[in-house]
Amino acid sequence: MSEMQLWIAAIEVGCFFALLGLAFLLVWQGTGDFNFAIGPLAMIGALCASWLVVENGYAVWPAVFLGVALVLALSAVVELGVVRPIAARTTHHLPAVIAIAAVLFAIMQGAGVFFGRTSLPGQPLLTIDPLTVAGATLLPSTLLLVVATVVAFVAVLLWARFARSGRLLRAVGNNADAARVLGLPVSRVRLMAFLLAGALAALAGLLYAPKGGIGFDRGLTWTMMGFLVVVVGGTGSLWAPLVAGLLLGSLEIFLPYYFSASTPDYVMLALALVFFAFRPEGLFMKRVRA
Amino acid sequence: MTVVADRTTPDAAVVAPPAARRVSNSLRSLGVAVIGVAVMVAWASQSGFKKDLLLLTGTYALIALGMYVPFVLVGRLSLAYGAYAAIGAYAVALVARETDWPLLTAWVLGALVSAVVGIVLGAATARLSTWYLASATILFSIAFQSWLNDSRDISGGAVGLGGIRSFEVFGWTLTRDQSIYAAAVLVVVVGFLLDRLRLSPWGVTARAIREAPLVVESSGVRVPWMVLIALGLGAGVASLGGSLFTSSVGSITPETFTTQIVFLALFMPLLGGVGTPWGAALGAAIVVQLTLNASSLSNSGTLILALGVILMLLVSPNGLLTLGDRIRKLAHSVTKRGPTDG
């Protein structure tokens, strides 16, 4: 494999991680919580679409539409049906933590039960011939993932800065009580954060699935990667997940090539411990003058 | 540990119930637990498969009891319990194969190594929110499992280690039935000690940290130290679970204790109830029955479990045993009110 081919793979994986990280960051900015169901949500959208196409003979686009709809519905259920009622009933944070873990588990196992436990191929959304860039092959699925990532980041950034709802998201995330006192629609904004994160997760899962297929057991590692992207990047800027995602994507691709298949596992642990111990705020943070 | 306990005595005197009632409370729980364990041992006595399930229940119960200390008492979410159990399990396997030491030393060694790992991971995330500890520990589990698969010379790689000599204490080799009794006694002893710990001044301080760490810190308790001790203690107890598994089954692979077990262990205290450590043990029994014994459910057993946990959190955020308490209180108030109403 040429150096160029490795870089293409690194950018592809990096963009996928970046999208997951952005989904995490949006929920964090809007609610102050980490929605650990992001990974399984990304998984179930892609798995549902592939299952509809492979097992039930659907055309690709209706299947993709249904997959995204399922993810959005589940995101709404997570916030309205699980997180909100439990947080309202107890002042403890442990029940909410366990609830999110249970949701993570339930989505993965539910996907295994309903869509089967065998891996399915991801569905190609762009059917053009592979391009050749500097002697390396650029698959249409890779191109689509990279373009979609850039578009998604620009769109979310513009939305957060200029749209009324985007500014509301940051206001509620900064201080939910103050926002409530000001009469801002806190519950609606929370729901919006969960839905938007769900949409980004669905996008990430659907576009990444053609690379290695999609199975019900992917969700947990994807959740870990998305969270690690937020930890490395920090919560200060919406661009941070893109930088951190590309960084982690490069590690994920280059380390196995030059060392062994499990080197990324060791390096991720070391990286996480170093960041936690010395720079828990991440690479990018907001500096506020006092 | 004693230093911390001494310093917190004035607090504890205010919060904790009188010593006599504490003792009778934990003795009563102990009685119920002994009866429960005896029923399970009797249930398993007729079939080899059920005996395997029972030993697995003991393993899970120890993992859940280990998790109870930092998670339920102090409120810190560590997810490396699969790895801690694996450390205990591999300690037994390695000592059995490489040395002729008594296997009991392996149990102690495994617990010590696990405790050190738990403390190091806790120290790296000491001043951060619980999510950071959760991700550091789960990354450790993943890396540790990869390492077990990789290092064929030490851990036997993906095949694991087998043919481990059976457990013996002071030259007396345990039969299968005896090892089941020993496992039952071990779980009961650990559960009882943790219940005493919960009610001790140390336990009261730990629970206060869960509720209001800043208040406890400002009254002179070194909260980070307390948290690290809890993490180390929990890791050591979970490691005993792994040692129990290897000692009774005689083999171990990297696939035995995966991240999946950690999530199951996360649900166990809640399923049983967070009021006492016995809830964690009860939860372990429920989990084993649901995921392994109910053969018709085996495909969707974990799904039912996860949905059950969510449902229970919605109904009773603090677990089954507290639900029982609430029903009893309700019944009590109804019977009390009865005469005045009618």
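Letters go in sequence order (proteins before strands), and every chain restarts at 1. Every value quoted in this text rests on a predicted model; they were computed, and no experiment measured them.
Heavy-atom pairs under 4.5 Å with chain A were tallied for Ala123(B), Ala306(B), Ala134(B), Ala143(B); the largest tally goes to Ala143(B).
Expressed to the nearest 0.5 Å, how far CE of Met108(A) lies from CG of Leu303(B) amounts to 12.0 Å. Phe140(B) contributes atom CZ, which lies 11.0 Å from atom OH of Tyr266(A) (distance to the nearest 0.5 angstrom). Annotation: the span from Leu139(B) atom CG to Met224(A) atom CE amounts to 4.5 Å, rounded to 0.5 Å. Rounding to the nearest 0.5 Å places OG of Ser141(B) at 11.0 Å from CG of Asp265(A).
Residues Asp150(B) and Ser260(A) have side chains in contact (heavy-atom distance under 4.5 Å, counting atoms from C-beta outward). Residues Leu264(B) and Phe105(A) have side chains in contact (heavy-atom distance under 4.5 Å, counting atoms from C-beta outward). The closest side-chain heavy-atom distance from Trp147(B) to Ser262(A) is not below 4.5 Å.
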Task: Audit row: Leu273(A), Leu121(B), side chain to side chain contact (heavy atoms under 4.5 Å, CB included) steps and yes/no - done: CA-CA 8 Å; Leu273(A) 288 182; Leu121(B) 290 174; 4.0 Å; yes

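The number of heavy atoms from other shown groups lying within 6.0 Å of CH2 (Trp28(A)) does not exceed 12.
Both the backbone and the side chain of Leu266(B) come within contact range of chain A, judged by heavy atoms closer than 4.5 Å. The contact between Phe71(B) and chain A is made by backbone and side chain atoms together, counting heavy-atom distances below 4.5 Å. Proximity to chain B is limited to the side chain of Phe227(A), based on heavy atoms less than 4.5 angstrom apart. Of the atoms belonging to Ile107(A), not a single heavy atom falls under 4.5 Å from chain B. No part of Val274(A) comes within reach of chain B, as not one of its non-hydrogen atoms sits under 4.5 angstrom from that chain. For chain A, the nearby parts of Ile142(B) are the backbone and the side chain; heavy atoms of each come within less than 4.5 Å.
Shown here for Ala102(A) and Ile310(B), the closest heavy-atom pair between the two residues is CB-CG1, 3.6 Å.
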